[in-house]
Amino acid sequence: MPKLPNPVDFAVPVFILLIVIEMAWARRKAPQKYEPRDTLVSLAFGLGSTVAGLLFGGAIYGLMLWLWEHRLATVPWTWWAWVLCFVLDDLLYYLFHRSAHRVRWFWASHVNHHSSQHYNLSTALRQTWTGWLALSFLFKLPLAFAGFHPAMILFCGGVNLIYQFWIHTEAIKRFPRWFEAVMNTPSHHRVHHATNPRYLDSNYAGVFIVWDRMFGTFVPEVDEEPIRYGIVRQLGTFNLLYAVFHEWIGIAKDVWHAPWQHKLSYLWRPPGWTHDGSRDTSDTIRARWQARQMAEPAE
Amino acid sequence: MEGVWIDLAKFGVSLVSILALAWLARWLDLGGDERIRSADQARFLANAAIEGFEPVDIALDKAGIGALLRDAQGRQMLLRRHGAAWVARLLDERTEARLDRGFLTIGTGEKTFGAVTLHLGEAAGVWAAGLRRLPTAGAKRA
Ligand SMILES: [Zn+2]
Ligand SMILES: [Zn+2]
């Protein structure tokens, strides 16, 4: 089996070039789509996440190899195995991503990707530093245990990540119907990054939007309603370290102050959950919004 | 050992690249100068920040960089610029307010959020008084 390079390494120059092109577009069309300080924070997130990858990637790869040595079956190194690996890895990405939004321990890491109030190509590089702590690698293990070689799994994961780069843009409106039906697109992923109540917790797809359609989490973009990006409680700062760790700090504080019987709930329940109902979750926000829609149908 | 040097070189090149991109964003004058121009806009932004927040009383900063809003339940919201976007907080007992004629400086008690000085003119005094009775943080909202 040949030693595979990290595909993301080769993609980085293209990422940079596309960001420059999108910035030029923004200058002409809508300068407020970019905010220089926000861009710097997002890019620093990207750089820091590669460092985290170097620090923890080896151990995670080792764990995958160990599982592969105890595999259930041996998947050959052929073209159909690559296709299957890519599709199954994308399904596991969907599961990872959905849990990352619904379990606070996982959200504490994934929130990094969402905490920008802007949606442009630099937002795509806003990657977490603490995925290892949030146990994101768990979702890479089943395929190794099933018999896919870890090198193949990680290569597919890299290609998946590269695909997700270009969909972080407002410069592209929509693709032909068939493409929007199958693939994750800028339109679908804008919805995922939106805080509008109608859009919360939807479109978790990586490459194929079909998973959302299959599992009932798909929401189409509505043209009449301007999208608001970011998180329900916006950061309000460009402080990089605060942006990296704020939710972990929040968890620590909540667990510390909570009554004993509720402490664990602050780790695994959805973001925003509190034992006294003093904060909003995506569900309470949507419920309130729906109630208001009923009351004033004109709006 | 060689691998470490390659990693360090990659890190260095990436660091230079991201600084160059951020500089380019500034050089291209991206970002823009957002202002609140009307009470309606403040109302829209407030509702966008906290779903269901319907202000009944609004004080706009004279330059449009922020606003104070109160809803029918007596909740008070601070709305301010954040880069090319807007950010809001419901005010609680950690709020620190300082009145200097028409200028009201408000800190939310959240260090990274910072304090903001709003030019409210004659309304400043009334709002400063209103900020003395605020609910405790985390208390259940109606
Ligand atoms: Zn997400
Ligand atoms: Zn994204």
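Proteins get letters first, then strands, A, B, ... in listed order; numbering begins at 1 in each.
Heavy-atom distances place no part of B/Ala88 under 4.5 Å from chain A, backbone and side chain included. Heavy-atom distances place the side chain of A/Gln117, and not its backbone, under 4.5 Å from chain B. Using a 4.5 Å cut-off between heavy atoms, A/His246 does not touch chain B at all. With a 4.5 angstrom heavy-atom cutoff, A/Asn196 does not touch chain B via any of its atoms.
Side chains of A/Thr50 and B/Lys10 form no contact here, defined as non-hydrogen atoms less than 4.5 Å apart.
Listed by sequence position, A/Tyr34, A/Glu35, A/Pro36, A/Arg37, A/Leu40 are the residues of residues 33-40 of chain A in contact with chain B, using a 4.5 angstrom heavy-atom cutoff. Against chain A, the residues from residues 78-87 of chain B that qualify, each with a non-hydrogen atom under 4.5 angstrom away, are B/Arg80, B/His82, B/Gly83, B/Ala84, B/Ala85, B/Trp86, B/Val87 in number order. Of residues 253-262 of chain A, not one residue has a non-hydrogen atom less than 4.5 Å from any non-hydrogen atom of chain B.
For residues 119-130 of chain B, there are no side chain to side chain donor-acceptor pair (under 3.5 Å) pairs, not counting sequence neighbours.
Distance check, rounded to the nearest 0.5 Å: CD of B/Glu51 to CG of A/Asp280 gives 9.0 Å.
Taking all atoms of both residues into account, the shortest heavy-atom contact from A/Arg27 to B/Leu28 is NH1-O, 2.6 Å.
Of the residues considered (A/Asn239, A/Leu54, A/Ile19), A/Leu54 shows the highest number of contacts with chain B, using heavy-atom pairs under 4.5 Å. In terms of heavy-atom pairs under 4.5 angstrom with chain A, the leader among B/Ser14, B/Gly32, B/Gly52 is B/Gly52. Among the candidates B/Ser17, B/Ala20, B/Ala48, the residue making the largest number of heavy-atom pairs closer than 4.5 Å to chain A is B/Ala48.
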